[in-house]
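This one's a predicted model, so the numbers in the text were calculated from it and none came from an experiment. Numbers here are sequence positions counted from 1. Reckoned from all heavy atoms, side chains included, excluding hydrogens, waters and symmetry mates.
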Amino acid sequence: EDIKSSDTNHGTGQVTSYMQMLPRCRYGVWYNGIQQISFYQESPTEEPIEINDIPPYGLEIEDIERPNFNQLRPASELRSVFKRCHNYIAGNQGLRKEEAFHELLKLIFCKALDERLSTHVQFYVTNKERRERPERCSSRISTLFERVKATQREIFEEDEMIKLNPVVVAYIVSQLQHYTLLNTDTDVKGDAYEEIVGGNLRGDRGEFFTPRNVCMAAVEMLFYTFPRQQWDDLTIIDPACGTGGFLIAVINFLKRQFKKMELDKWGDTTKALTQAEERIKNFCERGLHGIDINPTLARATQMNEVMHGNGHGNVFPANSLKNPSVWRQLRQPRIRLGEFHLLFTNPPFGSKIPVTEPEILKSFDLGYIWEETDGKWSSTNRLRKSVPPGQLFVERSVKFLRPGGRLAMIIADHILTNPGLEFIRQWILENTKVMARIDLPGETFEPFTGTNAHLILMERKKESEKGLGTVDYESYSAIAKSIGHDRRGQPVSLRTPEGNEVLREAEKDIIRIVEGKRVEERNVIIEKIIDDDMPVIVEGFKGWWNEHGW
């Protein structure tokens with residue numbers, strides 16, 4: 001990767017010199033693991049010229065200058081494509097990593113919209129345009145972006161523009177134009193997208209994004225507490241969604257479950273997949289919602305959902321702690337307090353970003369000073385001067401739920417252990433039933449922060465149950481000693497006492513692209529076992545729920 005295309009000995013000059021030595025050679029590709037540059041020569045007497053890509057077998061360059069939709073092919077690997085696009089923007093436009101990601105995101109939105117709504121492909125660039133008139137391509141993409149803004153008004157501002165110069169736009173288009181994002185396997189594009197998100201968006205407001213295995217564990221446990229026949233009708237929200245980890249975990253969980261349920265019903269894989277996709281589409285359109293105060297993160301979540309098969313994305317940028325009337329002004333009538341069956345969230349913990357506005361604080365019980373009398377805390381009528389947002393999110397998250405609704409929330413350790421915050425714990429016990437508490441290891445959010453935290457599952461009490469008099473139930477507790485990665489964020493494999501890695505046989509659905517079509521095959525592979533306690537904890541919770549659940 002550290003070899004540049006301009007390298008004297010190993011750059012593109014090497015491949016073009018090879019091409020000119022070979023009388024019958026017409027195409028050449030230079031590749032360093034990330035960047036890919038393609039060349040074409042009419043004859044060895046002519047200098048090879050750079051082209052967007054070599055054409056598929058049986059076609060000429062002219063055949064793919066402006067591709068038809070039926071020529072677009074699913075991608076079997078997108079990570080390196082996204083990475084080289086991002087690196088090209090950062091290196092040639094002089095943007096910081098987050099700014100480069102934001103501009104790439106706009107172009108990915110344009111690509112997705114073109115596939116969904118255009119009659120003829122508009123997301124393309126010809127070889128001549130790249131060399132001589134890149135502004136023509138840039139103009140087409142700007143027109144597409146105007147359509148994106150019209151359909152995603154809650155995500156993009158009306159006056160927002162693509163801030164890349166035409167040469168950069170043309171390069172990114174050339175790298176993406178021959179793929180179909182909509183027909184690429186969701187795992188392929190989802191994994192690629194999440195990797196580039198993880199490398200470029202790390203919160204500076206105390207947002208430390210939740211590892212995928214923790215998100216999946218929370219989703220699996222809470223869904224288990226509802227009968228399967230109710231799953232299609234559940235409504236879900238994450239009021240601090242970040243890049244959408246919990247929402248994507250919901251989509252992935254329901255995909256697997258719906259596919260299994262439909263396969264049991266019909267006994268036909270193709271029909272089961274079609275029915276499952278329709279159920280997911282309807283569920284996401286009606287029941288899946290997200291809010292984040294950071295507009296860039298809200299956009300990232302929206303595209304993350306698109307990459308994972310949800311084209312609706314009820315996600316918008318707003319402050320979840322403000323009065324709900326603000327959300328109605330943002331054309332979000334379905335976002336109301338007391339409406340949701342399920343909530344998943346990892347709110348910002350940061351004490352450096354306290355909430356100080358009296359207008360916000362006065363709408364929370366926990367926005368007031370509490371005093372202790374005879375071992376019981378009660379609220380005064382005096383507002384606190386500043387409150388870390390994580391504390392207010394505890395109350396707001398509960399109040400997003402309807403009575404009997406359930407939530408899974410990452411709560412900082414000090415809220416559950418600090419003697420001075422006992423009033424928050426009392427408020428939790430008065431207003432919710434604590435279903436489960438899982439102590440997460442210190443490595444959970446590494447390498448970005450060593451914050452100690454817990455995954456808490458709660459159910460909002462009905463009005464008749466409120467107070468401390470109903471704290472007479474059992475709950476589930478567990479300690480996760482390993483979370484699957486170390487403090488550097490590197491995967492940790494399970495090992496024997498002698499230090500050898502533990503291996504196992506596993507059946508995996510392998511996606512292959514055969515003649516431009518997606519083929520799914522089941523293969524037996526040998527894989528390492530990640531040292532992660534969350535799957536065992538999930539199974540323990542299910543067993544406990546079967547015996548003690550309410």
Using 30° and 60° as the class boundaries, would you call the ring planes of Phe156 and Phe109 parallel, tilted or perpendicular? perpendicular

Given Asp53 and Arg73, is the salt bridge (Lys or Arg N to Asp or Glu O under 4.0 Å) satisfied, shown in steps? CA-CA 13 Å; Asp53 197 359; Arg73 62 185 186 270; 3.4 Å; yes

By the ring-ring contact (aromatic ring centres under 6.0 Å, His included) test, which pairs, at least two apart or in different chains, include something from residues 19-46? Tyr27-Tyr40

Close side-chain approach of Pro67 to Tyr124, heavy-atom, < 4.5 Å: yes

Is there a side-chain contact between Ser363 and Arg396 in this structure, where contact means two heavy atoms from C-beta onward sitting under 4.5 Å apart? yes

Donor-acceptor check, side chain of Asn294 to backbone of Gly242, threshold 3.5 angstrom: yes or no? no

Side-chain touch Pro134/Glu129, heavy atoms, less than 4.5 angstrom: no

Under the side-chain contact (heavy atoms from CB on, under 4.5 Å) test against Leu164, which residue among Leu95, Leu104, Ile141 passes? Leu95

Apply side-chain contact (heavy atoms from CB on, under 4.5 Å) to Ser43 and list each qualifying residue two or more places apart in sequence or on a separate chain. Thr45, Glu46

Counting N and O atoms only, with roles assigned by atom type, does the side chain of Thr444 sit under 3.5 Å from a partner on the main chain of Pro441, one being a donor and the other an acceptor? yes

For Ala300, does its backbone N or O pair with a side-chain atom of Asn304 as donor and acceptor, under 3.5 Å? no

Atom pairs and distances, side-chain donor-acceptor, residues 10-19, under 3.5 Å, sequence neighbours left out:
{"from": "Thr12", "atom 1": "OG1", "to": "Ser5", "atom 2": "O", "distance (Å)": "3.4"}
{"from": "Gln14", "atom 1": "NE2", "to": "Tyr18", "atom 2": "OH", "distance (Å)": "3.1"}
{"from": "Thr16", "atom 1": "OG1", "to": "Thr12", "atom 2": "O", "distance (Å)": "3.3"}
{"from": "Thr16", "atom 1": "OG1", "to": "Gly13", "atom 2": "O", "distance (Å)": "3.1"}
{"from": "Ser17", "atom 1": "OG", "to": "Gly13", "atom 2": "O", "distance (Å)": "3.3"}
{"from": "Ser17", "atom 1": "OG", "to": "Gln14", "atom 2": "O", "distance (Å)": "2.7"}

If you count every heavy atom of other residues, nucleotides or ligands that lies below 6.0 Å from Glu158 atom CD, does the total exceed 12? no

Using a strict threshold of under 4.0 Å (side-chain N to carboxylate O), is an ion pair present between Lys83 and Glu1? yes

What's the spacing between Leu181 CG and Leu113 CG if we round to 0.5 Å? 12.0 Å

Nearest-0.5 Å distance, NE2 of residue His454 to CD1 of residue Ile410: 10.5 Å

Could you check whether any side-chain N or O of Asn68 sits under 3.5 Å from a backbone N or O of Val121, counting only pairs where one atom can act as donor and the other as acceptor? no

Of Arg299, Lys97, Arg96, Lys163, the one forming a side chain to side chain donor-acceptor pair (under 3.5 Å) with His102 is Arg299

Is it the case that Arg140 places NZ or CZ above or below the six-membered ring of Phe123, under 6.0 angstrom from the centre and within 45 degrees of the axis? no

Within the distance-only criterion (no hydrogens, no angle test), does the side chain of Ser482 pair as donor or acceptor with the backbone N or O of Asp531 below 3.5 angstrom? yes

Give the C-alpha distance, both sets of side-chain angles, the deciding distance and a yes or no for salt bridge (Lys or Arg N to Asp or Glu O under 4.0 Å) between Lys111 and Glu115. CA-CA 6 Å; Lys111 172 64 172 164; Glu115 291 184 32; 3.3 Å; yes

Hey, is the main chain of Val148 close enough, under 3.5 Å, to the side chain of Thr151 for a donor-acceptor pair? yes

Do Gln35 and Lys4 have side chains that approach each other closer than 4.5 Å (heavy atoms only, starting at C-beta)? no

Hey, is the main chain of Leu288 close enough, under 3.5 Å, to the side chain of Asn314 for a donor-acceptor pair? yes

